Amino acid sequence: MEPLKIYLKNPKKNNLHHTLNIKELQEILLVECFKSKKYDDDYAYLSVLLSDSLCWDRSLTSINHLLSRVLERFESRGINTKQALQHIISRLEYSDFNIQEADKYFIESLFKNDRVEGLALEDDLIIAQNRITK
């Protein structure tokens, strides 16, 4: 007898994926979690990405390191980091949102490929995540 499979997330696979950078993460939290502002014109596309992830049409990924940097910035400015974390965790439950915690595939992608000289660590991490998503 085959074991029962339980899906915590919608098992529907999609081809659309976006890895959030540090500025996008910060913008999402300020708008969606704290409701302290509306999306800047340069980040208006984030509402579409979030809507797509709610419908399971697009997978969004946050890299753990970048999320922790956003939370550190918030903490230094006196912003409630517990509320921000609760918001992120709730997104994991009801949308196609993931946190890359530097698993085996991520580390392999990061070290098996040549780094672009002069590229910021943040950009290198996003490139590594995008490689394993394909």
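Just so it is clear, the model here is predicted, and its values are computed rather than measured.
- In this structure, Ser51 contributes its side chain and Val48 its backbone to no donor-acceptor pair below 3.5 Å.
- Taking every heavy atom of both residues into account, Val70 and Ile22 meet most closely at CG2-CG1, 3.5 Å.
- Ser59 and Asn98 form a side-chain donor-acceptor contact under 3.5 Å, judged by distance and modelled atom types alone.
- Both Ile99 and Leu25 are part of a single hydrophobic cluster, where members link through side-chain heavy atoms under 4.5 Å apart.
- Rounding to the nearest 0.5 Å gives a distance of 10.5 Å between OG of Ser90 and CG of Leu85.
- For the atom pair CG of Leu29 and CG of Leu71, the computed distance is 7.0 Å after rounding to the nearest 0.5 Å.
- If you chain together hydrophobic residues whose side chains sit under 4.5 Å apart, Tyr45 and Phe97 fall into the same group.
- The two residues Asn64 and Glu101 come nearest to each other via the heavy atoms CB-CA, 4.1 Å.
- Counting non-hydrogen atoms of neighbouring residues, nucleotides and ligands closer than 6.0 angstrom, the CD atom of Gln83 exceeds 12 such neighbours.
- Note on Tyr94: it does not cluster hydrophobically with Ile28, by side-chain heavy-atom contacts below 4.5 Å among ILVMFWY residues.
- To the nearest 0.5 Å, atoms CD (Gln86) and CD1 (Ile88) are separated by 11.5 Å.
- Remark: the backbone N or O of Lys23 is not paired with any side-chain donor or acceptor of Gln26 at under 3.5 angstrom.
- Annotation: the span from Phe74 atom CZ to Cys33 atom SG amounts to 8.0 Å, rounded to 0.5 Å.
- Note: Asp96 CG to Leu49 CG = 12.0 Å, rounded to the nearest 0.5 Å.
- Here OG of Ser36 is found 7.0 Å from CD1 of Ile79. Values are rounded to the nearest 0.5 Å.
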Legend entry - Worked verdict on Ile63 versus Asn21 for side-chain contact (heavy atoms from CB on, under 4.5 Å): CA-CA 8 Å; Ile63 297 174; Asn21 66 37; over 6 Å; no
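- Hydrophobic clustering of Ile, Leu, Val, Met, Phe, Trp and Tyr side chains at less than 4.5 Å, counting indirect connections, unites Leu67 with Leu92.
- In this structure, the side chains of Leu46 and Glu24 come closer than 4.5 Å at one or more pairs of heavy atoms.
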Inset, instruction - Give the C-alpha distance, both sets of side-chain angles, the deciding distance and a yes or no for side chain to side chain donor-acceptor pair (under 3.5 Å) between His17 and Thr61. - result: CA-CA 8 Å; His17 178 268; Thr61 300; 2.8 Å; yes
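- The main-chain N or O of Lys82 is found under 3.5 Å from a side-chain atom of Asn80 such that the two form a donor-acceptor pair.
- One hydrophobic cluster, built from ILVMFWY side chains closer than 4.5 Å, cannot hold both Trp56 and Leu54; they sit in different ones.
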Legend entry - Intermediate values then yes/no, side chain to side chain donor-acceptor pair (under 3.5 Å), Gln100 and His65: CA-CA 9 Å; Gln100 173 52 262; His65 170 71; over 6 Å; no
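- Contact detail for Ala44 and Tyr39: the closest heavy-atom pair is CA-CB, 4.1 Å.
- Between the side chain of Ser95 and the backbone N or O of Arg91, at least one donor-acceptor pair lies under 3.5 Å.
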